[in-house]
Amino acid sequence: MTTKKRVAVTGLGVICASGTGIDGVWNQCLAQHNAIRNITRFDTRRFECKVGGEVSHFDPSVYIPPQIIQQTDRSTHLGMAACHLAAADAGLQLSKEDPNQVGMYFSNLVGGMEFAEPELYAQLFLGPSRVNAYQAIAWFYAAAQGQWSITAGIKGHAKTVVADRAGGLQSVGLAAHTIQRGSSRVIFAGGFEAPLVPYSFLMYGTTGLLSKDTTDPLLAYRPFHQLRKGLVLGEGSGILILEDLDHAVARGARIYAEVAGYSVCMDSPSELEGEGLARCILGALQVSGLEPEDIDHICAEGIATAAGDITEAAGIRRVFGNETRSPSVSCPKSMFGHTLAAAGAIDAALACQMIRTNTVLPTINLDNPDSTLGITQFSNTVEHKPLNAVMCCSRGMKGLNTVLVIQRHNA
């Protein structure tokens, strides 16, 4: 029986409202800086929710040629830029790699709607001749996959996952599986999202999940809080460079951590609250060869609705209980907004940094946790403690659960 290959994380590329690059984002999160603000990218007067995590410091021309910028959407710009950042962070020289052994697993939910929205208007009111020819490729979920494969000369395994808010973690987990079975040596894995446009905002607003009280942007997104009002959307991208551990060691790469386990499952209508997520957590633990007591921290989904927080807390409680020996739980995205299909990948990148520095990032503004959730280990401030394994949880519509375990690298 062939032994599964170990999967190393060697590069992190992150862009969100908190900054560009893993170091900038990490430092802002360490400072507990809240980057959620009133939206300026479009007129929000028609919308109940008026706040978001805007990426206001991003210049795509630093990373992408002008002609590609003109032909693609902001979500693609964020994704390609994060790939550049991740490759640079990993010290990865693609010219020295076999392009057939380099792949990509990306995730996106909204698609290229900033590009598409005016083109849909043109199609309806101005006529087909006024529609930009690049609409055919710019709106597409897999646009960044195509553009990055051409730009980087990648010819290996490639997929774009559409799995609601769980897509980012699924991309990382699927990429890890591909490396474990020896089908690729290097993979760009993660997600990217640019949902702060009217059409997307309206589309997601109809779900009833967006924050209902945004008079104070700094208090609009408070996962697990007694006074939570809903989630706040953010723009962003998170890309991890995953490598066959032997390949990473051979080229002298810095290793942040290893991807140890991954699981996906759906809630069953007959299950009690949180049972589906609990099954998913136990599945990821089994794959990783770890026990519940081996998990030191959990990066939670933190959707900040009553139903969402209750279900997530119930799933965590079923596996770990609420004793003092249970892992700490936090939601760092409370500082920059929920980036949908990018969220899990950004969580995974931050988890790697947490392990590397033995530092837990908090859920900000969690001064009054909902006591009915039955969890006592919420982190509402930066903590320093030994971290060997961190678990990331993402949940999508209709009970889609995804769990990833990231573990300290031991030679």
Side-chain angles (χ1 to χ4, degrees), residues 9-29 35 53-65 68-69 72-92 94 102-112 114 141-152 154 158-161 167-172 174-175 186-196 234-243 256 332-333 336-353 392 394:
V9 181
T10 60
L12 306 174
V14 177
I15 303 172
C16 65
S18 293
T20 295
I22 185 60
D23 291 337
V25 172
W26 177 256
N27 289 334
Q28 287 292 296
C29 290
E54 284 189 349
V55 176
S56 59
H57 43 73
F58 175 61
D59 180 2
S61 67
V62 173
Y63 311 95
I64 309 168
I68 302 300
I69 293 174
T72 52
D73 177 75
R74 183 173 174 84
S75 64
T76 298
H77 304 164
L78 290 166
M80 292 181 70
C83 286
H84 280 288
L85 290 168
D89 187 55
L92 183 66
L94 290 173
V102 181
M104 69 193 105
Y105 279 78
F106 293 157
S107 182
N108 187 252
L109 174 61
V110 172
E114 184 174 77
Y141 302 103
Q145 176 181 316
Q147 293 291 347
W148 184 244
S149 65
I150 295 168
T151 298
I154 291 173
K159 289 188 180 295
T160 294
V161 176
L169 274 192
Q170 287 196 17
S171 294
V172 177
L174 290 169
V186 180
I187 298 184
F188 292 78
F192 34 86
E193 209 77 77
L196 302 186
E235 301 176 297
S237 55
I239 297 293
L240 287 71
I241 302 293
L242 304 188
E243 294 188 49
Y256 281 98
K333 64 177 72 71
F336 49 80
H338 199 302
T339 53
L340 300 178
I346 295 176
D347 278 350
L350 293 176
C352 289
Q353 277 283 72
C392 299
S394 287

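Shortest non-hydrogen contact noted between Leu350 and Pro332 is CD1-CB, 4.0 Å.
Contact annotation: the side chain of Val102 never approaches that of Ile187 to less than 4.5 Å [non-hydrogen atoms, C-beta and beyond]. No side-chain heavy atom of Phe188 sits less than 4.5 Å from a side-chain heavy atom of Gln145. For the pair Glu235/Arg74, a side-chain contact is recorded, criterion being any heavy-atom separation below 4.5 Å from C-beta on. Residues His77 and Ile69 form a side-chain contact, since some pair of their non-hydrogen atoms from C-beta on lies under 4.5 Å apart.
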Practice prompt. Starting from the C-alpha separation in whole Å, work towards a yes-or-no answer on side-chain contact (heavy atoms from CB on, under 4.5 Å) for Cys29 and Phe336.
Written response: CA-CA 9 Å; Cys29 290; Phe336 49 80; 4.1 Å; yes

**Report entry** Residue pair Ser75, Asn108: steps toward the side-chain contact (heavy atoms from CB on, under 4.5 Å) verdict
**Finding:** CA-CA 8 Å; Ser75 64; Asn108 187 252; 4.1 Å; yes

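Ring planes of Phe106 and Phe192: perpendicular class, angle over 60° (limits at 30 and 60°).
Side chain of Ser237 to main chain of Leu78: a donor-acceptor pair is present (N/O by atom type, distance under 3.5 Å, no hydrogens or angles). With Glu243 contributing its side chain and Val9 its backbone, the two residues share no donor-acceptor pair below 3.5 Å.
A distance of 14.5 Å separates CG of Asp89 from NE2 of His84, quoted to the nearest 0.5 Å.
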Donor-acceptor contacts under 3.5 Å from residues 13-25 side chains, at least two apart:
from  : atom 1 : to    : atom 2 : distance (Å)
Thr20 : OG1    : His57 : ND1    : 2.9

